[in-house]
Visitor: 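Can you keep this structure in mind? I'll have questions shortly.
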2 protein chains.
Amino acid sequence: MLKKETQNLEIDNLDIQILTHLMQDATKPYTEIAKDLIISGGTVHVRMKKLSDMGIIKGSHLIIDPKKAGYDITAFLGIYLEKGSLYKDAVEHLSKIKEVVELHYTTGSYSMFAKITCRDTNHLRHVLNEEIQAVKGIQRTETLISLEESIKRQIELG
Amino acid sequence: MLKKETQNLEIDNLDIQILTHLMQDATKPYTEIAKDLIISGGTVHVRMKKLSDMGIIKGSHLIIDPKKAGYDITAFLGIYLEKGSLYKDAVEHLSKIKEVVELHYTTGSYSMFAKITCRDTNHLRHVLNEEIQAVKGIQRTETLISLEESIKRQIELG
DNA sequence: GTTGAAAAGTGCTGCGA
DNA sequence: TCGCAGCACTTTTCAAC
């Protein structure tokens with residue numbers, strides 16, 4: 001066996017079109033996608049299974065409107081660490097703060113970059129002053145409050 | 001009628017628990033959620049309809065792994081505008097660049113803040129130099145490349 | 001690898017409590 | 001307002017092309 005099962009390691013155009021449909025609406029019936037692409041429902045299923053096995057599909061999320069759920073404020077946080085080596089510790093602590101919804105280890109002036117969601121300004125202040133600042137190794141932070149989220153989408157494949 | 005239909009405007013604990021389940025996996029069967037919460041499947045359905053009508057539920061997305069789909073680089077962009085009034089124009093132009101997956105109008109030193117996803121460093125350079133810099137009104141940008149996404153999740157309700 | 005249909009499971013809509 | 005039961009639909013599987 002000179003070559004591995006290469007058929008499972010490639011993503012063709014059909015896969016991309018199926019994914020594009022489902023990335024917009026994860027509950028879209030396979031049969032409807034099949035109709036759109038003029039293939040059978042079984043094929044959609046086989047492709048999806050392949051993509052799942054490959055690990056490309058991580059799952060599906062219900063998207064809620066944070067504002068209507070009472071979470072009015074989205075903010076970004078540029079975080080300066082005392083030492084870069086404290087990164088792992090900081091991640092561990094920050095992951096326990098549920099308001100932190102994203103955390104990146106970045107190049108540039110900041111050591112880390114976080115996205116947080118809060119109910120209101122009071123909640124934000126509490127998270128910043130009590131929760132974030134208490135994390136060991138964090139020297140100081142810079143806050144960017146999002147006044148408007150103008151674009152929010154997933155990458156377009158292909 | 002002194003009071004409005006308050007029953008439809010409130011989110012109780014049951015709603016939150018249902019949402020929490022579905023936010024992690026949008027394809028989770030209602031019957032299974034019902035079993036977990038020791039209620040009937042019909043109740044789950046009624047609650048979900050209420051939440052949909054309220055507009056809290058915006059839809060569902062299939063989550064893919066950008067890295068495995070060939071998109072290796074996530075970067076954040078601090079954008080300086082020549083004039084704040086150019087914001088609307090800039091949004092319109094940036095929304096046409098598919099690599100821009102998020103765009104916020106923010107407080108702080110930047111006028112706007114964007115998140116972009118690219119295939120590789122060449123792709124990133126192309127997007128930055130050819131696409132972003134070509135947008136009218138953008139003075140300069142600061143790039144923060146994400147070397148590692150340590151946390152990625154949705155807000156926890158309740 | 002794809003198709004088309006049969007089998008199993010899920011979502012939806014009444015009625016009753 | 002909630003829970004149960006029947007109907008319609010989707011997902012899944014499988015034999016055949």
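Chain naming here is simple, since letters A, B, ... match the order of the sequence lines and numbering starts at 1 in each. Heavy atoms only: backbone and side chains are in, while hydrogens, waters and symmetry mates are out.
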Visitor: Sort me out a list of protein N/O and nucleotides 11-13 of chain C N/O pairs below 3.5 Å, or just none if empty.
Guide:
{"unit_1": "dG11(C)", "atom_1": "OP1", "unit_2": "Tyr30(B)", "atom_2": "N", "d": "3.1"}
{"unit_1": "dG11(C)", "atom_1": "OP2", "unit_2": "Tyr30(B)", "atom_2": "N", "d": "2.9"}
{"unit_1": "dC12(C)", "atom_1": "OP2", "unit_2": "His45(B)", "atom_2": "NE2", "d": "3.4"}
{"unit_1": "dC12(C)", "atom_1": "O5'", "unit_2": "His45(B)", "atom_2": "NE2", "d": "3.4"}

Visitor: Enumerate donor-acceptor pairs with a distance under 3.5 Å from any side-chain N or O in residues 104-113 of chain B to protein atoms, sequence neighbours excluded.
Guide:
{"unit_1": "His104(B)", "atom_1": "ND1", "unit_2": "Ser146(A)", "atom_2": "OG", "d": "2.8"}
{"unit_1": "His104(B)", "atom_1": "NE2", "unit_2": "Glu102(B)", "atom_2": "OE1", "d": "2.8"}
{"unit_1": "Thr107(B)", "atom_1": "OG1", "unit_2": "Ile145(A)", "atom_2": "N", "d": "3.0"}
{"unit_1": "Tyr110(B)", "atom_1": "OH", "unit_2": "Glu142(B)", "atom_2": "OE1", "d": "2.7"}
{"unit_1": "Ser111(B)", "atom_1": "OG", "unit_2": "Leu81(B)", "atom_2": "N", "d": "3.1"}

Visitor: Taking only N and O in the side chain of Arg47(B), is any of them less than 4.0 Å away from OP1 or OP2 of dT1(D)?
Guide: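 For dT1(D), OP1/OP2 do not have a side-chain N/O of Arg47(B) under 4.0 Å.
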Visitor: According to side-chain hydrogen bond (donor to acceptor under 3.5 Å, both in side chains), who are the partners of Lys49(B), at least two apart in sequence or on a separate chain?
Guide: Asp53(B)
Visitor: Rounding to a whole Å, what distance do you find between Ile38(A):CD1 and dG4(C):P?
Guide: 12 Å
Visitor: Name all pairs fulfilling the salt bridge (Lys or Arg N to Asp or Glu O under 4.0 Å) condition that reach into residues 29-41 of chain B, sequence neighbours left out, sorted by first residue then second.
Guide: Lys28(B)-Asp36(B)
Visitor: Looking at residues at least two apart in the chain, or sitting in another chain, which of them share a side-chain hydrogen bond (donor to acceptor under 3.5 Å, both in side chains) with Asn122(A)?
Guide: Arg125(A)
Visitor: Ignoring backbone atoms, test whether Thr43(B) places a side-chain nitrogen or oxygen under 4.0 Å from the OP1 or OP2 oxygen of dC2(D).
Guide: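 Checking dC2(D) against Thr43(B), no side-chain N or O comes under 4.0 Å of OP1 or OP2.
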Visitor: Return the minimal non-hydrogen interatomic distance between His61(A) and Gln154(B), and the atom names on each side.
Guide: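 The answer is CB-NE2, 3.6 Å.
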Visitor: Under 3.5 Å, which donor-acceptor pairs link side chains of residues 65-77 of chain B to any protein atom two or more places apart or in another chain?
Guide:
{"unit_1": "Asp65(B)", "atom_1": "OD1", "unit_2": "Lys67(B)", "atom_2": "N", "d": "3.1"}
{"unit_1": "Tyr71(B)", "atom_1": "OH", "unit_2": "Glu156(A)", "atom_2": "O", "d": "3.2"}

Visitor: Please tabulate, for side-chain N and O atoms in residues 126-133 of chain B, each donor-acceptor pair with protein atoms closer than 3.5 Å (sequence neighbours left out).
Guide:
none

Visitor: So for the helix from dG1(C)-dC17(D) to dA17(C)-dT1(D), with five pairs setting each end axis, what is the inter-axis angle to 10°?
Guide: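 Taking the rotation axis at each end, their angle is 20°.
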Visitor: Between side-chain atoms of residues 84-91 of chain A and protein atoms elsewhere (two or more places apart, or another chain), which donor-acceptor pairs fall under 3.5 Å?
Guide:
{"unit_1": "Tyr87(A)", "atom_1": "OH", "unit_2": "Ser150(B)", "atom_2": "OG", "d": "2.2"}

Visitor: Could you give the NZ-to-C1' distance, from Lys35(B) to dG3(D), as a whole number of Å?
Guide: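 After rounding, the gap between these two atoms is 17 Å.
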